Amino acid sequence: SSSSSSASVGNSGSSSSSRADVAEAPADKPVKAQRSRSKSFKERARASFRLGGKALSKIPGAQTVKGAVGRTKSRLSRLGRSGTPAELTLRLLDKYAGCASEADRHSIVFDLQKAVRRPKNSHDSMDALRNSLLDVWRVLLRNVELTDPAYREVYYDTVIAVMVREELQLHLCTRDDVEQDWVRACCGLQYRTHLFVTKKMAEESMAEPLLLFAAKCLAINYFCVPGLARVIVQSVVCHTPIADRRSRKIGENVAVRSVEQEESLARHVPPDKKRMFYSIHRVCGVNLTGLDHQCPETCPKSGVYSPYSVVNTPPEIHQRLESWSSDLVADLTVAGLWKEAPQPGPWTDRFKPDVESGFSFLSIFLEVLFRRCRAMFQYSYYPNKIDQRLGINQRSVVATVFMPGFVELCSCILRLSLLSEHGLKRTYRIGAGPPSVICNWTDRTAACMLALCQNGVFFTCLVEDLMLQTSTSHVADVMALLGSFKALLESYEHMHSSHLPPEIDISLMCTFISKLLTCHHYVVIMFSLRWIYDCLDYFHSEHRAAIVELLMSEQILEHTLCHWEPSLRHLTHMIVVYRLFHPSQKSLQAAVLHALTNELEVSSRESTHLRVNKSVFEESAESPTVVALQMKAVEHLQSFLWKVVQAHNQSAPPYNSSSLKLYTCDKHAAAQKKCTCRRPPHATRYTSDSAENLRKILADGVKWVKARRVEGASDADAYPPIILSLPPLQNMTSAYARTARNPL
């Protein structure tokens, strides 16, 4: 606007020369004023844009979208400058060949690592990308031993990044792909990498980066090099003794539960995954039978022995995988692809778990192996054809039970971690208290066990063994067991940022909780309720609802809500008010608390009590199974509270024990006779105190839920803390003799 005004002023001045001197003098003032106005307008526009940007940034998700757009722009600009990943990789290889110093080569290898991890570009052809990746693998593997040991770690990481690329995965090949050049080149590099690793493992000492590189390479080649998995499994089994009945029980639990899970998962495996699982099964070749490759110290000497006194491959799993054979599967065991099959040697001594270094390397290898396995044995399916047509209720499963050697390796590492001293801290001795084993694992043992606990079979077998070693009659053991379980669940959530696997045996956990809560020692019940209050959210949603439904059953409420110990009743009240539902179900929790408050506050008692509307449960985003369990739990709780109210024959709170004089059982009430029967738990004087305290805590709970809904608190907010005073020391000793053990 200022330029146009100045132009117009100039034109008017040039058009009339007679009035030029008169027109130029007064024209300066309006031009300056207009320029100042335009400048102020721009400043106001910038200020408004800044305010608008601040307002938009407060919208939920705006920063995420802004960050995603920025990352996309930078990524596109990088792609435009550097070309496709294959071209960038070849340019970096040319630079690497011309470098003279170690520092320059180290910098280029670091750039190669970034280039290798970049996703495939649409402009890249598959052959060009595969050839560039194979060139990187070949060059780095040839020069890694010529490099200064201080710079080798980036070489190892880059080789691993190439080996896990999806474009080079041999188990995804079809029968027609075997004849291609890249398959033969990849097999050759796989075998060369295996020879390099086994040569280094045969040496006495290995640096930490080389140790991790060897474990990762063996975990990747476990599914690629024919016969390597069989050699590793035989080496681990051969050095794992099966000395006592507990060892045999561990093997039996792992085998039986693995077969059960395999049968349940086999019904939904897609055809392409069946071919892939069979291809891996044929390459690995793991099938232990008889007394071959067993521990010589504990191998049965007679022909009659328990099938779980040795480590064998379950025939059901082997037959299932063999039945999935197909003509489309590539035969990767051909002699032309590999020079020779892997053989045991000095490198297999690294898997000896009877020494501390061997157990440490075995823990690292199994952790990496099962992480690799989870990425390969994952698939999605629909429960039925209707859901498949509608595209709803798709489920994702990690079927690690189909991994060759799963049963053998899991049973061995469970025996070693629970019965051997090499996986524990030096200050801890085996036999000092079985439930405390979890808290005394070394860091590497704990990392390995937490990685394996992502499989429901392994987690269930670990928990079951510790339960069998604990007696409810010994309070110290129960406290140690609950503390170990809490540490395990917290570490699992911290490591994986997820709930416990949905494949765990929840019936076993419910039996465990039921036996603890029906124990006669009040200290056991008290610490069990505290453990449930703290650890309930670590379970899967369906498992959490099943545990809550068990807690609200009449059998458990009679032992907890009507108990003579005030602290125990207070713990039950806290669970009822704050832990019935997941933190995200705020509306449902508020509705149930209002219904329970009406149950205990209404002055005029009717023949039936108020029930929570079914629509309130259905509004939650949970599955129908979870909704059904939650409705059942609330119904059980309301029914029990109604019995408490009727037993006390109160027209209004507060509740007191004086009303119990009028209590009459149903049988004598119908006959209009005086009742002389023994009163049930809900008609005792302790229950009157429990009902009154529950009424007060419900009022606090309603205020707490309302405050959380108004303030918009997140789901991770802490619940009100529980102040639990420890009972006297003499009450924490055994309730019964040590000879009368009652295992969980």
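For clarity, every value in this text was computed on a predicted model and none was experimentally measured. All values below were derived from every heavy atom in this structure, side-chain atoms included, with hydrogens, water molecules and symmetry-related copies excluded.
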Measuring only between side-chain heavy atoms, which start at C-beta, is [X] closer than 4.5 Å to [Y]?
X    : Y    : result
V269 : F402 : yes
L488 : F459 : yes
K216 : R372 : no
V109 : Y151 : no
I438 : L466 : yes
E493 : E490 : no
V139 : Y155 : no
L134 : C186 : yes

Do the rings of F223 and F377 sit parallel, tilted or perpendicular, given the 30° and 60° boundaries?
tilted

Please verify the inter-ring angle class for H499 with H540; under 30° counts as parallel, over 60° as perpendicular, anything in between as tilted.
perpendicular

If you measure from the Lys or Arg side-chain nitrogens to the Asp or Glu carboxylate oxygens, is any gap between [X] and [Y] under 4.0 Å?
X    : Y    : result
R138 : D135 : yes
R152 : E145 : no
R320 : E316 : no
E464 : R257 : yes
K249 : D465 : no
E167 : K120 : no

With side-chain contact (heavy atoms from CB on, under 4.5 Å) as the test, would you mind laying out the steps for Q294 and V237 before giving the verdict?
CA-CA 6 Å; Q294 303 295 326; V237 170; 3.8 Å; yes

Taking every non-hydrogen atom, the tightest pair across [X] and [Y]:
X    : Y    : answer
M376 : F277 : O-CE2, 4.4 Å
V311 : S411 : CG1-OG, 4.1 Å
Y278 : S325 : CZ-CB, 3.3 Å
A399 : Y379 : CB-CE2, 3.7 Å
G290 : V310 : O-CG2, 4.4 Å
S380 : P270 : O-CG, 3.9 Å

Is the centre of the H422 ring less than 6.0 Å from the centre of the F359 ring?
no

What about F351 and F365, are their ring centers closer than 6.0 Å?
yes

So, taking the atom named [atom1] in [X] and the one named [atom2] in [Y], what distance separates them when rounded to the nearest 0.5 Å?
X    : Y    : atom1 : atom2 : value
M467 : L462 : CE    : CG    : 9.5 Å
H106 : Y96  : NE2   : OH    : 11.0 Å
L210 : S205 : CG    : OG    : 9.5 Å
S279 : H171 : OG    : NE2   : 8.0 Å
K273 : L265 : NZ    : CG    : 13.5 Å
R415 : R246 : CZ    : CZ    : 11.5 Å

Does a donor on one side chain sit under 3.5 Å from an acceptor on the other, for [X] and [Y]?
X    : Y    : result
H582 : S584 : yes
D177 : T174 : yes
R444 : S360 : yes

Does [atom1] belonging to [X] count more than 12 external heavy atoms closer than 6.0 Å?
X    : atom1 : result
I386 : CD1   : no
F110 : CZ    : no
R389 : CZ    : no
E153 : CD    : no
D272 : CG    : yes
D443 : CG    : no
E208 : CD    : yes

[X] side chain to [Y] backbone, donor-acceptor under 3.5 Å:
X    : Y    : value
W441 : S417 : yes
N221 : C224 : no
S235 : V231 : yes
Y222 : P404 : yes
T313 : L288 : yes
Q169 : R165 : yes

Just one of L133, L189, T193, L168 clears the side-chain contact (heavy atoms from CB on, under 4.5 Å) bar with M163, so which one?
T193

Verdict with supporting geometry, I160 and Y156, side-chain contact (heavy atoms from CB on, under 4.5 Å)
CA-CA 6 Å; I160 294 298; Y156 299 147; 5.5 Å; no

Could you walk me through whether I250 and C461 satisfy the side-chain contact (heavy atoms from CB on, under 4.5 Å) test, starting with their C-alpha distance in whole Å, then the side-chain angles of each, then the deciding distance to 0.1 Å, before giving a yes or no?
CA-CA 7 Å; I250 291 174; C461 294; 5.9 Å; no

Candidate pair L129 and W182, rule side-chain contact (heavy atoms from CB on, under 4.5 Å), full reasoning:
CA-CA 11 Å; L129 182 59; W182 74 268; over 6 Å; no

